[in-house]
Q: 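Quick one: the structure is below, and I'll ask about it shortly.
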Amino acid sequence: MQEKYVPAEVEQQAQSHWEQTDAFRAVEDPTRPKYYCLSMFPYPSGKLHMGHVRNYTIGDVLSRHHRMRGYNVLQPMGWDAFGLPAENAAMANAVPPARWTWDNIAYMKKQLRSLGFAIDWSRELATCRPDYYKWNQWLFLRMLERGIAYRKTQVVNWDPVDQTVLANEQVIDGRGWRTGAPVEKREIPGYYLGITRYAEELLADLDQLPGWPERVRTMQANWIGKSYGVRFAFPYELDGKRELMWVFTTRADTIMGVTFCAVAAEHPLATRAARDNPELAAFIDECRHGSVMEADLATMEKKGMPTGIFVEHPLTGEKVEVWVGNYVLMGYGEGAVMAVPAHDERDFHFAQKYGLPIRQVIAVDGETFSLDAWQEWYADKQRGACVNSGRYDGLAYEAAVDAIGADLRARDLGDRQVQWRLRDWGVSRQRYWGCPIPLIHCERCGTVPVPDDQLPVVLPEDCVPDGTGNPLNRREDFLACTCPKCGAPARRETDTMDTFVDSSWYYARYCAPDNAAAMVDARTDYWMPVDQYIGGIEHAILHLLYSRFWSKVMRDLGLVSYGEPFSRLLTQGMVLNHIFSRRTERGGIQYFAPDEVEPNRDEAGQILGATARADGATVDYQGVGTMSKSKRNGVDPQALIEQYGADTARFFMMFASPPEQTLEWSDSGVDGSFRFMKRLWSFGWRYAREIRPLLAGAAPQVPVGQRLDAPAAALRREIHTHLRQANYDFQRLQFNTVASAAMKMLNALERAQPGADGPTHARVCAEGLSILLRLLSPVTPHACHVLWQELGFGANILTAPWPQPLEEALVQDEIELVLQINGKLRGSLRVAAAASREQIEQAALASEPASRHLEGRPAKKVVVVPGRLVNIVA
RNA sequence: GCCGGGAUGGCGGAAUCGGUAGACGCAGCGGACUCAAAAUCCGCCGCCGCAAGGUGUGUGGGUUCGAGUCCCACUCCCGGCACCA
């Protein structure tokens with residue numbers, strides 16, 4: 001051991017020890033409690049970013065902590081290796097996505113290793129490897145056999161210039177990111193997975209996930225969106241035929257207030273009406289432009305046009321005009337809605353805009369209905385009762401819906417129905433860098449599944465996308481095949497799967513990564529479900545919901561025994577950084593890394609804009625946002641690791657804020673963490689020279705019943721108090737205060753002057769240091785490993801028992817209480833720890849501040865909070 | 001727009017069940033050591049005030065002996081919105 005703290009040497013020593021002893025290989029062992037600790041696997045974007053460091057440090061702290069508490073821990077790692085950024089990189093650099101991806105994986109793996117994570121690398125997987133995605137294909141075919149996977153049309157963003165499908169991310173203000181051309185909506189066929197079949201179970205099982213944050217369960221429940229309503233039809237006669245226009249509503253109680261209906265631009269009624277109405281045809285064409293994103297649809301201007309077609313109100317027979325509305329979606333519900341402008345905000349604004357009638361049918365006592373403004377109470381179905389509704393007048397929401405539902409059913413025009421917001425999962429992507437969908441198109445036999453013994457359908461790895469569609473469409477060697485049914489020449493499907501498929505079951509594959517014959521095996525039963533899953537809050541809905549769905553499908557196929565894959569979930573807050581961008585000449589968007597620009601700030605230091613260092617021209621400031629490859633605002637932790645070492649980087653990430661909170665990145669503050677590491681090291685150095693010799697080889701625990709003088713007892717009490725706090729914080733996953741507790745322990749040990757005070761103090765000090773090193777070892781494992789060994793605490797800190805606070809060390813004779821008068825702090829009170837309420841009251845009333853403030857008057861009331869404070873109400 | 005979350009000194013954050021607001025750090029200021037600097041160590045450090053004291057947890061109300069914490073109304077910021085991952 002040397003006096004100076006040199007992180008590179010310390011970390012090298014610890015890491016080679018772990019490697020030589022294969023310390024983190026996880027072996028199934030039914031005699032020990034298992035702990036499967038999983039961090040969300042990274043997309044290999046190029047370099048680790050701070051979000052990764054945060055995520056994987058949290059996972060590593062938990063893994064190492066549980067290991068010391070006696071669990072058989074599995075902490076694997078892999079790569080979410082398919083996806084769009086690889087295609088973008090390919091376009092920019094003319095490198096095949098496969099090559100780019102594997103280079104990134106190699107670099108990022110080196111970075112992960114340098115951070116010293118306790119990962120079982122023997123289980124590493126990458127979703128772009130055929131031995132992994134073979135099982136995506138295999139399970140897809142099983143779903144197809146059972147009708148869980150099926151084909152229907154989907155609406156996509158279409159770039160008319162590049163002649164390609166765009167991801168939502170590639171649409172900026174309704175235009176293609178590369179071409180700047182207005183995006184069109186286009187309907188194309190695709191495959192869907194029937195997640196809605198599991199809606200009821202996905203919703204109900206949220207109650208069985210107490211280890212998940214409440215907010216995530218709420219978000220999922222709202223996303224699944226179970227609602228009770230009525231599906232009913234408006235009859236109409238057109239071209240001599242009697243037809244029905246179906247709608248769904250959760251507000252059937254307002255049915256007598258319907259003054260018009262609205263249908264999607266793609267609705268058959270709209271198509272029919274446009275046949276001899278060029279103006280309407282033009283409007284429908286206009287609706288084809290713009291984005292398919294819900295956020296855009298919700299915020300865009302609501303427009304409409306009458307079709308001239310009238311339908312009949314199902315209860316009154318009254319004529320109701322049908323409009324085409326750009327806000328009605330064909331793919332959601334029936335593609336048609338009833339409009340009750342008096343009691344629906346969107347309908348209200350639409351009616352005002354186009355001068356349509358508004359008919360009040362709900363009244364609330366004491367509230368005045370007005371046509372001038374939308375008011376909140378209109379929408380509250382728990383208040384009010386029907387008016388202007390004939391035989392339904394006076395009925396409240398539930399009763400009105402019941403009566404109206406019954407009347408519709410009697411006429412065969414509708415019934416009560418449960419509706420879900422959740423839609424089936426569209427998994428087809430018109431992209432190259434993904435898992436091929438294992439289907440063959442035969443002229444004679446139609447679409448034919450690839451037989452199991454021909455799996456996997458291997459993706460050729462040498463394509464270079466150029467932005468003009470899927471290059472697989474031009475790969476004859478991939479396309480050409482024979483029909484498995486009839487043997488005739490046939491064509492392969494070129495659509496690939498959504499990358500959410502890859503990430504929906506990787507956690508199960510880690511348990512049996514080398515099984516070439518099956519997707520999962522008995523080892524999966526040992527490790528699953530994941531005991532602790534850790535990942536960004538941005539995955540709170542989609543990834544987690546898809547994984548839950550996939551698990552239930554695998555369970556129903558008899559592949560696994562669990563129905564929920566993740567027992568406990570920690571959603572870490574995002575690491576944010578400033579975002580700078582600029583419009584390109586073609587109307588696209590270009591992002592700048594924060595170190596490529598010089599920010600302009602106002603007097604308060606707020607960033608207003610910036611200039612690019614490269615060309616000195618202005619750049620727009622977009623505020624802070626999540627660190628991402630596409631926005632180019634990630635911070636590479638490499639510099640941090642090289643300058644300070646992995647332990648400091650890890651410690652700082654944990655210390656900076658609690659895991660669930662968002663973290664706005666800033667370099668300052670790392671110095672403090674490095675200073676702490678240096679102080680820890682030099683205290684270890686001093687211990688080795690001054691303190692340890694006083695112990696004469698004795699164990700570093702204070703013997704039970706050992707009498708200590710007051711300063712030694714105080715030091716020991718402080719160490720054990722911080723330990724008790726830290727253990728509590730570990731249990732509630734608040735690691736920033738664990739780091740604080742470690743700092744407080746070191747402060748206490750340094751203050752105590754242990755060497756100068758003889759063997760008793762040395763003993764307390766040795767015990768304190770042994771607690772500190774064990775407490776800290778999950779966070780800064782390298783330095784703790786070396787110090788533990790060099791200072792003679794034991795051979796290997798990984799197998800040391802987790803420290804527990806001792807009652808004997810915590811007892812106090814006297815405690816200090818806060819003294820308040822009328823709720824304001826006026827002093828303090830020292831009392832015996834065992835003092836009764838009466839004794840405390842008397843001591844408080846007799847105190848100097850009490851007599852000063854009471855001036856002889858009797859106190860109205862004295863509030864005593866045991867162990868905390870006394871409040872005298874004057 | 002809808003769903004979920006957040007806001008505490010110059011900065012990151014602490015405060016466990018409604019009980020001392022600002023723990024632990026960063027930055028800053030003052031001092032020691034040094035020829036000097038770096039490193040290290042000691043002290044000070046919410047705001048107003050000479051002080052006594054007052055005031056203070058995004059804003060405005062409320063409940064309570066006592067509110068960062070509970071209730072009502074709002075503002076701003078972040079995440080998600082189904083093809084970024």
Side-chain angles (χ1 to χ4, degrees), chain A residues 40 42-43 45 80 82-85 88 154 156-157 165-171 213-216 218-223 225 292-300 345-346 421-431 498-500 503 536-543 545-546 571 573-574 576 605 623-626 628-631 652 655-658 660-664 666 668-673 675-676 678-679 682 725 728-729 732 734 736-737 739-744 747 816-825 828 860-863 865 867-874:
Chain A
M40 289 181 186
Y43 178 79
S45 56
D80 189 12
F82 276 137
L84 202 52
N88 296 336
Q154 50 178 351
V156 296
N157 302 305
V165 176
L166 297 178
N168 285 337
E169 188 193 44
Q170 298 171 317
V171 179
E214 190 64 44
R215 58 171 164 162
V216 175
T218 306
M219 279 191 264
Q220 292 220 347
N222 290 340
W223 183 263
V292 300
M293 277 179 274
E294 193 192 296
D296 291 337
L297 294 169
T299 50
M300 74 181 178
E345 186 168 15
R346 192 174 57 185
R421 207 188 78 93
L422 181 69
R423 309 199 294 258
D424 276 347
W425 176 11
V427 292
S428 296
R429 298 289 179 271
Q430 296 68 45
R431 302 197 196 294
D498 180 4
T499 55
F500 275 125
S503 55
I537 181 68
E538 71 275 21
H539 294 295
I541 295 173
L542 292 180
H543 162 61
L545 193 64
Y546 292 147
T571 46
M574 319 246 341
L576 307 180
V624 293
T626 159
S628 79
K629 179 90 177 164
S630 59
K631 289 178 183 144
F652 176 65
F655 180 62
S657 77
E660 304 227 75
Q661 200 162 304
T662 46
L663 188 129
E664 216 171 293
S666 146
S668 66
V670 185
D671 275 329
S673 299
R675 221 168 285 164
F676 171 70
K678 286 190 286 192
R679 275 173 50 209
S682 54
Q725 179 65 45
Y728 174 76
D729 291 339
R732 63 173 176 155
Q734 187 170 289
N736 57 325
T737 45
S740 293
M743 286 177 146
K744 289 175 186 174
N747 289 348
E816 194 165 84
L817 296 181
V818 163
L819 177 61
Q820 289 184 345
I821 291 159
N822 290 329
K824 293 203 179 203
L825 178 69
S828 66
K860 280 195 194 129
K861 187 176 172 184
V862 182
V863 181
V865 182
R868 287 217 171 249
L869 63 68
V870 192
N871 185 18
I872 299 170
V873 185

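Lettering of chains follows the sequences in order, A, B, ..., and the numbering in each one begins at 1.
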Q: In chain order, what residues pass the side-chain hydrogen bond (donor to acceptor under 3.5 Å, both in side chains) check against E169(A), with sequence neighbours excluded?
A: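 For E169(A) the side-chain hydrogen bond (donor to acceptor under 3.5 Å, both in side chains) partners, ignoring immediate neighbours, are S630(A).
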Q: Is a side-chain N or O of Q661(A) found less than 3.5 angstrom from the main chain of P658(A), in a donor-acceptor match?
A: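 Pair absent, no side-chain N/O of Q661(A) close to backbone of P658(A).
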Q: Suppose we screen for side-chain hydrogen bond (donor to acceptor under 3.5 Å, both in side chains). Which residues come up paired with R868(A), at least two apart in sequence or across chains?
A: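 side-chain hydrogen bond (donor to acceptor under 3.5 Å, both in side chains) check on R868(A) returns nothing, list empty.
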Q: For nucleotides rA82(B) and rG19(B), find the distance between their P atoms and express it as a whole number of Å.
A: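 Per the computed distance, 43 Å lies between those P atoms.
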Q: How far, in whole Å, is rG56(B) from rG10(B) if one measures between their P atoms?
A: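 To the nearest whole Å, 15 Å.
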Q: With C1' as the reference atom in both, quote the distance from rC44(B) to rG80(B) in angstrom, rounded to an integer.
A: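 Their C1' atoms lie roughly 46 Å apart.
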Q: Write out a two-atom table: protein N or O, nucleotide N or O from nucleotides 63-68 of chain B, distance below 3.5 Å.
A:
residue	atom	partner	partner atom	Å
rC65(B)	O2	N871(A)	ND2	2.4

Q: Below 4.5 Å, heavy atoms only, C-beta onward: do Q820(A) and V863(A) meet side chain to side chain?
A: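 The answer is no; the side chains never approach within 4.5 Å.
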Q: Where do N or O atoms of nucleotides 45-49 of chain B meet protein N or O atoms at under 3.5 Å, pair by pair?
A:
none

Q: Give each protein N/O atom lying under 3.5 Å from an N/O atom of nucleotides 52-57 of chain B, with the pair distance.
A:
residue	atom	partner	partner atom	Å
rU55(B)	OP2	K824(A)	NZ	3.1

Q: When the P atoms of rG18(B) and rG68(B) are considered, how many whole Å apart are they?
A: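 These two P atoms come out 13 Å apart once rounded.
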Q: Pick the C1' atom in rA15(B) and in rC3(B), then give their distance to the nearest Å.
A: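 After rounding to an integer number of Å, I get 31 Å for this pair.
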Q: Each nucleotide in nucleotides 23-34 of chain B should get exactly one letter: B, S or -. Can you fill that in based on protein heavy atoms under 4.0 Å?
A: BBSSS-------
Q: Go nucleotide by nucleotide along RNA chain B from the 5' end; which of R215(A) and K678(A) gets its closest nucleotide reached first?
A: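 Nearest nucleotide further toward 5': that of R215(A).
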Q: Which is true for T299(A) with a 4.0 Å heavy-atom rule: it touches a base, it touches only sugar-phosphate, or it touches nothing?
A: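 Touches a base.
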Q: Using side-chain heavy atoms (C-beta onward) and a distance below 4.5 Å, is I537(A) in contact with M219(A)?
A: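 When only atoms from C-beta onward are counted, M219(A) and I537(A) do touch, with a gap below 4.5 Å.
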Q: Just checking, any donor-acceptor pair under 3.5 angstrom between side chains of R679(A) and N747(A)?
A: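 Yes, a side-chain donor-acceptor pair sits under 3.5 Å.
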Q: Let me see the working for H543(A) and M40(A) under side-chain contact (heavy atoms from CB on, under 4.5 Å), right down to the final yes or no.
A: CA-CA 10 Å; H543(A) 162 61; M40(A) 289 181 186; 3.9 Å; yes
Q: With sequence neighbours excluded, tell me which residues meet salt bridge (Lys or Arg N to Asp or Glu O under 4.0 Å) with E664(A).
A: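 E664(A) satisfies salt bridge (Lys or Arg N to Asp or Glu O under 4.0 Å) with no residue once adjacent residues are dropped.
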Q: First locate atom CG of L869(A), then atom CG of L819(A), and finally report the distance between them rounded to the nearest 0.5 Å.
A: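 Answer for the CG-CG pair, L869(A) versus L819(A), is 9.0 Å.
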Q: Does the side chain of T626(A) pick up a donor-acceptor pair with the side chain of E538(A) at under 3.5 Å?
A: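 Short answer, no.
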Q: Is any side-chain heavy atom of V818(A) less than 4.5 Å from a side-chain heavy atom of V870(A)?
A: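 Answer no - side chains too far apart.
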Q: Quantified in whole Å, what is the C1' atom distance between nucleotide rC17(B) and nucleotide rG6(B)?
A: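 To the nearest whole Å, 23 Å.
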Q: Evaluate the side-chain proximity of R421(A) to N222(A): yes if any heavy-atom separation is below 4.5 Å, no if none is.
A: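 Result no, sub-4.5 Å side-chain heavy-atom pair not found.
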Q: For Q661(A) and rG5(B), what is the distance between atoms CD and C1' respectively, to the nearest whole Å?
A: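 The distance from CD of Q661(A) to C1' of rG5(B) comes to 11 Å, rounded to the nearest Å.
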Q: What does the B/S/- profile of nucleotides 75-85 of chain B look like, 5' to 3', with a 4.0 Å heavy-atom cutoff to protein?
A: ---SBSBBBSB
Q: Residues in side-chain hydrogen bond (donor to acceptor under 3.5 Å, both in side chains) with D498(A), at least two apart?
A: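 Result, side-chain hydrogen bond (donor to acceptor under 3.5 Å, both in side chains) vs D498(A): W425(A), R429(A).
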Q: Under 3.5 Å for both distances, Watson-Crick or G-U wobble, that's the pair rule; now give the dot-bracket for RNA chain B, with | marking pairs to another strand and [ ] for crossing ones.
A: (((((((..(((......[....))).(((((.......))))).(((....)))..(((((..]....))))))))))))....
Q: Counting the atoms with a prime plus P, OP1 and OP2 as sugar-phosphate, which does R732(A) contact under 4.0 Å by heavy atoms, base, sugar-phosphate, or nothing?
A: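 Sugar-phosphate: the residue R732(A), judged by heavy atoms under 4.0 Å, touches backbone atoms but no base.
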Q: Run R215(A) and T218(A) through side-chain contact (heavy atoms from CB on, under 4.5 Å) and show every step you take.
A: CA-CA 5 Å; R215(A) 58 171 164 162; T218(A) 306; 5.5 Å; no
Q: Considering only the P atoms, how many Å lie between rA67(B) and rU57(B), rounded to the nearest integer?
A: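 Looking at atom P only, rA67(B) and rU57(B) are 11 Å apart.
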Q: Would you please test W223(A) and L542(A) for side-chain contact (heavy atoms from CB on, under 4.5 Å) and show each step?
A: CA-CA 9 Å; W223(A) 183 263; L542(A) 292 180; 3.8 Å; yes
Q: If you pin L663(A) and L825(A) to their nearest nucleotides in RNA chain B, which one's is more 5'?
A: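 Going by which nucleotide is closer to the 5' end, it is L663(A).
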Q: Would you please name every residue forming a side-chain hydrogen bond (donor to acceptor under 3.5 Å, both in side chains) with D80(A), sequence neighbours left out?
A: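 In terms of side-chain hydrogen bond (donor to acceptor under 3.5 Å, both in side chains), with neighbours along the sequence ignored, D80(A) is linked to no residue.
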Q: Base, sugar-phosphate alone, or nothing: which one does E816(A) contact when heavy atoms must sit under 4.0 Å apart?
A: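 Nothing: the residue E816(A), judged by heavy atoms under 4.0 Å, touches no strand.
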Q: When the C1' atoms of rC77(B) and rC26(B) are compared, how many Å lie between them, rounded to an integer?
A: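 Per the computed distance, 23 Å lies between those C1' atoms.
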Q: Tell me if rG56(B) is syn or anti. Syn = glycosidic torsion within 90° of 0, anti otherwise.
A: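 rG56(B): anti glycosidic orientation.
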Q: Looking at residues at least two apart in the chain, or sitting in another chain, which of them share a salt bridge (Lys or Arg N to Asp or Glu O under 4.0 Å) with D729(A)?
A: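 So D729(A) forms a salt bridge (Lys or Arg N to Asp or Glu O under 4.0 Å) with R732(A).
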Q: Find out whether T662(A) and V624(A) are in side-chain contact, i.e. whether some heavy atom of one side chain is under 4.5 Å from a heavy atom of the other.
A: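 Not in contact.
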Q: How should the glycosidic conformation of rC26(B) be described, syn or anti, under the criterion that syn lies within 90° of 0?
A: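 Because its glycosidic torsion lies more than 90° from 0, rC26(B) adopts the anti conformation.
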Q: Identify the heavy atoms of V165(A) and R431(A) that sit nearest to each other, and give their distance.
A: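 Scanning both residues, the minimum pair turns out to be O-NH1, 3.7 Å.
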Q: Test side-chain contact (heavy atoms from CB on, under 4.5 Å) on V171(A) and L166(A) and set out the steps.
A: CA-CA 7 Å; V171(A) 179; L166(A) 297 178; 4.2 Å; yes
